Amino acid sequence: MLIYRPDGAVAQDPDRSAPELAPALPVLAGSRIGILDNRKPNADVLLHRLANRLVERTGAIVVRTDTKNAALPCEDQVLGLLAEQVDLILTGTAD
Amino acid sequence: MTVDTHSDGPLIEFPANGDLVAEMADRGWGDGLPLVAPTPERVKAMLSGLNEPDGPSLDPDEIISILPPRFGEVSRQILAVNAVMAGCLPVHFPVLVAAVRALARPEVNLRGINATTHCVAPLLIVHGEIARTGGYNGGLGAFGPGNRANATTGRALRLVLLHVAGATIGAGDASTQGGPAKYGFCIAENMDASPWPTYPTTVGVNAPSSVTIYCGEAPHNVHDMESDNPSQILNKVASAMATTAQNNACISQGEYLVALCPEHAATCAEAGWSRHDVASYLFQKARLPAAELKEAFSLRAWPPWMNCLRDDELAPMTGDQKNIRVLVVGGPGKHSSVIPSWGMTRSVTVAVDQQVSC
C-alpha cells in the first residue's frame, strides 16, 4: 500500500539572509580575532585557549570578547559591532 | 524558497502486512510507539476536519508554519499525515493547526526549545468550545493517561516536532535525559470547575475556542489536604516554585504555569481572591535569599534591580508577577501543580479557527 511521508519539505532558513560564506582569510598573521562567548560554562575557557594559541602561532590580535545568551540567537547589534572590529570570530560552543 | 529533500516523492510504498514502526524507524521517523499508517484515504479524512459542509475548501498544500531547527514546512497535508499517525480524529485537527501556528511565533523560541539540553516540552492547553466538542479532558486525570483527544493531539504535536521540525534525539534535540512530556503533553482548561474567567481572556484572546502553547517541564505536584484558606495552599505552591534546581531560577523573564485543582481554586475564590490576587501573592511569596541565588548561579539573566538586591534580601523567582500564569485543571482531590518554563520562552495563546486560512 501507499502511505505519505511525514516530514515534508525544508524551507530556506529565514535567518540565513546571507547564505554565502565569507572568503577564508589567506593568513592569520596580524588579523583581529573576536570571541563570541555563548556564556555556557567553560565556553570562555575553550575560546580563550584557542585564541591564545592562534596569537602565539600567527601573531593575530584578540581585540574583542563579547557575550550573548546561549538560548537565543546573537543580537544583530552585537554581530554588527563584531563585523566592524574583527576579521575572524571564534564561537559555537556549548557545555 | 523550498528545498525538496525527497527522492521518492511524498508517497512511499509500504508492504500491507509489514511492521510500520520498524519501517518508519529505519527512516528516522516515529516516537517508538505503534503508528497508524497515513494512507491517502485517512489523510483526506483528517483534512475534512477543517472544512465546514458548505464552506470553502482549504488548500492542503498551503504552508501554515515553518518550524526550526530543520526549518520544515508544515502544510495542512503534512500536519494531517502526522495527525493520522498519532491516532487523531478529524475533530482534533483544528486544534493542531492552531498549535503549530502558535509554535512558530518567535517569542516561543522553538529553536531553543527543541535544541536545548533541558527537558522542556511544549504543553498544549485547549480552551473553550472545541475542548468540549473534541472530547478534551481538563478534569480528573487531565495530564493522562486515558483520554484519546489529549493523548493523540499531544502525540501528534510531538510527531510534528520530530518529523518536520527535526527535533530528533542527538540531531535536533540535545535533551540530557529527555522526559515523559516529550511523548505528548496536552490538557484542557477545566472551565466547568473554574471560579474565574477563562484563561485566554487574561491574555487578550476572546474567541470561542483557543489554544495555549506553554513550553515547560513536566508538572511538579503541590499537595495540600488540610488548608482552608488561600495563603496556606499558596505557600505550598510558592514552595514548589522556589527552588534553585530549575532553569527559571536564574532567568527573570521565566514563566510559571500554576495549574490549580478545582478544590484549591475554590478555596481561593470563596475567600474573595481573583486570579490576579493569586499571582500577586505567589510573586511575593515565591522567593529565595538573593545570596543563595547568587551563590547558585554565577551567570544570571536578571534585570538591574534584581542584581542590586542585598544578599540578605529575598529575590523573586521571576521578575514580574505577570509571568505567573494561573488556570484550573483537574478533578476532585487536593493536588495542584507547578510547571516551570524553560526560561527563554514565552507562552502564546491563539484562536482556533476552523474556516479561515492560516
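Values below: all heavy atoms of this structure, side chains included; hydrogens, waters and symmetry mates excluded. None of the values given here were measured: they were computed from a predicted structure. Quick note on labels: first sequence line is chain A, next is B, and so on, each numbered from 1.
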Sequence neighbours left out, cut at 3.5 Å: what donor-acceptor pairs do the side chains of residues 165-176 of chain B make with other protein atoms?
from	atom 1	to	atom 2	distance (Å)
B:Asp173	OD1	B:Ser175	N	2.9
B:Asp173	OD2	B:Lys182	NZ	2.9
B:Ser175	OG	B:His118	O	3.1
B:Ser175	OG	B:Gly178	N	3.0
B:Thr176	OG1	B:Thr117	O	3.3

Checklist line | Point-to-point distance, once rounded to the nearest 0.5 Å, from CE of A:Met1 to CG of B:Leu11 | finding: 12.0 Å
Notebook entry, point to check: When only pairs under 4.5 Å are counted, which of B:Ile113, B:Val74, B:Asn82 shares the most heavy-atom pairs with chain A?
Noted result: B:Asn82
Notebook entry, point to check: Can you find a pair of side-chain heavy atoms, one from B:Glu23 and one from A:Ile3, that are under 4.5 Å apart?
Noted result: no
Notebook entry, point to check: Is there side-chain contact between A:Val10 and B:Glu73, with heavy atoms separated by less than 4.5 Å?
Noted result: no
Notebook entry, point to check: Does atom CD of B:Glu295 have more than 12 heavy-atom neighbours, drawn from other residues, nucleotides or ligands, at distances under 6.0 Å?
Noted result: no
Margin query: For B:Gln77, which atoms come within 4.5 Å of any heavy atom of chain A: side chain, backbone, both, or neither?
Written below: side chain
Margin query: To the nearest 0.5 Å, what is the distance between OH on A:Tyr4 and CE on B:Met85?
Written below: 14.0 Å
Note to self: Can you tell me which portion of B:Leu20 sits under 4.5 Å from chain A's heavy atoms? Options are side chain, backbone, both or neither.
What the structure shows: side chain
Checklist line | Shortest non-hydrogen separation from B:Ile78 to A:Arg5 and the atoms involved | finding: CD1-O, 3.8 Å
Note to self: Taking CZ in B:Phe14 as the centre, count heavy atoms belonging to other residues, nucleotides or ligands within less than 6.0 Å. Is the count above 12?
What the structure shows: yes
Item checked: Interface moiety of B:Val164 toward chain A, non-hydrogen atoms closer than 4.5 Å -> both
Checklist line | Residue B:Glu13 excluded, over 12 heavy atoms near CD under 6.0 Å | finding: yes
Next item on the list: Would you check if the side chain of B:Arg70 reaches a backbone N or O of A:Asp7 as a donor-acceptor pair within less than 3.5 Å?
Entry: yes
Notebook entry, point to check: chain A heavy atoms under 4.5 Å from B:Ser75: which part of the residue, side chain, backbone, both or neither?
Noted result: neither
